Number of protein chains: 2
Amino acid sequence: MVSAPTLGRRRQRRSGEREKSIRAAALRIFRQKGYHAASMQNIADAVGLYKGSLYYYVSSKEELLVRLFEGRADQVLGELRVITDGTGTCTEQLRAMVRAYVLGVLRNLDSVRVYLHEEHVLPPAALRHVHAEQRTMRDLFEGVIDDGMRDGTFVGTDPKLAALALLGMCTWVHRWYRPRGRLTETAIADDFAERAIRMLNV
Amino acid sequence: MVSAPTLGRRRQRRSGEREKSIRAAALRIFRQKGYHAASMQNIADAVGLYKGSLYYYVSSKEELLVRLFEGRADQVLGELRVITDGTGTCTEQLRAMVRAYVLGVLRNLDSVRVYLHEEHVLPPAALRHVHAEQRTMRDLFEGVIDDGMRDGTFVGTDPKLAALALLGMCTWVHRWYRPRGRLTETAIADDFAERAIRMLNV
DNA sequence: CCGTTTCTACCGAACGGTCGTTTGGTATAT
DNA sequence: ATATACCAAACGACCGTTCGGTAGAAACGG
């Protein structure tokens, strides 16, 4: 037993695809019915397996949920940091941030809905991590708003409250947006970016 | 059996109080754990009964939830209608509406959280009713915004989108507000009312 | 006022069902 | 021949709900 037996390439790929399809089905079904109302049987049906067979890929239902949360905020957080580390004015930065955030929500609707709706099911460690992500997100907006207030670009008394107002407006789109609706993603993002600026000017 | 036997006054009152305490406990527990994760045993424990005994007052867990939704939006809807039917300018009306809405959320946190979180558990008829309430709420805001755009008080292109942005900002407070926090209810309501106006002016 | 009956409010156990998870087995590909 | 990917059945726990029973208060008859 010198070297671990190499897994066949085709098998490995098929197995990886199966795992992905399980996670995709779980995401969709958790979003539709909610975590508690969704059963392992539902997920198994969706991928064409017996529910017991899911445990070849997944150790528990809870783990399945926890993994759905992992890395979900990274892309938007990265985009936001690139913007705040850049050279734009406060107004330009905030406009770009709102755009990135709203597009992030609109382009990952299922993930966002599960992320916001099933938070309370997470085990303590995972929950703390999610809360930390949300705090970071808030801090990034608050920082730009605070900068703008200091240099007179923005007016108002409470950057924290302003950030919460702004994030609320942007986050709430996940509740009413329908992919084939009247408005395009970018139309909404641009409108909200403009509205955010107005909200902070006098 | 000419007249139904009169229920003793004391009994009647005690029984009514018990029913109220069951609903209050259900509201609190549904809010804390979510509808599906909350058990009838949890509710029974909270009021000091055996879980089977709850069915003397309630016909099912689902009915318990449905009743928690009933009339929950009426007060705020009434206040909003009084404002829109009044004689104020668009700006004055919108400011008052945002104030009323935000205060309605802040002063009924548990109800609002269950209302927004457990919607999807409702049977079809009750769900339609809730959606109708939400549509009415949106229409009231949209109407005032539309009036303001026509007469030049407000600027912008899409009253529907503006209403959604505004409602998102105001509704989202239920996620971050903590009763004994830094800011008072009225401070938040006033700030948001001002922000709403700014959002619609150029 | 007292004895009897009636009904309320609740107990305590049980039931049927569903759920997440485990396990022993097996066909297939390597 | 060996590990993989999956089946098929079963298990134990828990859930919402039902139900026969009962202590005690209220209503009733005298």
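The basis for the numbers below is simple: all heavy atoms, side chains too, and nothing from hydrogens, waters or symmetry mates. In the text below, chain A, chain B and the rest are named by the order of the sequence lines, each starting its count at 1. Only a predicted model underlies this, so the values are computations on that prediction, with no experimental measurement involved.
Taking the centre of each ring, His117(B) and His120(A) come in below the 6.0 Å mark.
Between Ile43(A) atom CD1 and dG20(C) atom P there is a gap of 8 Å when expressed in whole angstrom units. Note: CE (Met40(A)) to C1' (dA9(D)) measures 17 Å, nearest angstrom. With rounding to whole Å, Asp45(A) atom CG is found 12 Å from dG20(C) atom P. The NE2-P distance, from His36(B) to dG20(C), rounds to 11 Å in whole Å. Remark: P of dC15(D) and NZ of Lys33(B) are 8 Å apart, rounded to the nearest angstrom. Following rounding to the nearest Å, Glu63(A) (CD) and dG20(C) (P) show an atom-to-atom distance of 15 Å. For the pair Tyr50(B) OH and dT22(D) C1', the computed distance is 14 Å after rounding to whole Å. At whole-Å resolution of the value, NZ in Lys61(B) and P in dT18(D) are 15 Å apart.
Distances from the side chain of Tyr55(B) to the nucleotides dA10(D), dT4(D), dT17(D) place dT17(D) closest. Side-chain proximity of Ser39(A) to the nucleotides dG20(C), dT17(D), dA5(D) is greatest for dG20(C). Set against dC7(D), dG16(D), dC19(C), the side chain of Leu49(A) has dC7(D) as its closest nucleotide. Out of dT4(D), dC7(D), dC11(C), the shortest distance to the side chain of Tyr56(A) is found at dT4(D).
Comparing Gly52(B) and Gln41(A) by the nucleotide of DNA chain C whose heavy atom lies nearest to each, the residue mapping closer to the 5' end is Gly52(B).
Cation-pi contact between Lys61(A) and Phe30(A): absent, since separation from the ring centre below 6.0 Å together with deviation from the ring axis within 45° is not met.
Atom CD of Glu70(A) has more than 12 neighbouring heavy atoms from other residues, nucleotides or ligands inside a 6.0 Å radius.
Residue contacts for Ala38(A): at a heavy-atom cut-off of 4.0 Å it reaches the sugar-phosphate backbone alone, with no base atom in range. Residue contacts shown for Ser53(A) include a base, since a base heavy atom lies under 4.0 Å away.
Between Phe141(A) and Tyr101(A), the ring planes are perpendicular. Angles over 60° get that label, and only those under 30° would be called parallel.
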Trace of the salt bridge (charged side-chain N to carboxylate O under 4.0 Å, His left out) decision for Asp139(A) with Arg135(A): CA-CA 6 Å; Asp139(A) 288 344; Arg135(A) 203 177 319 119; over 6 Å; no
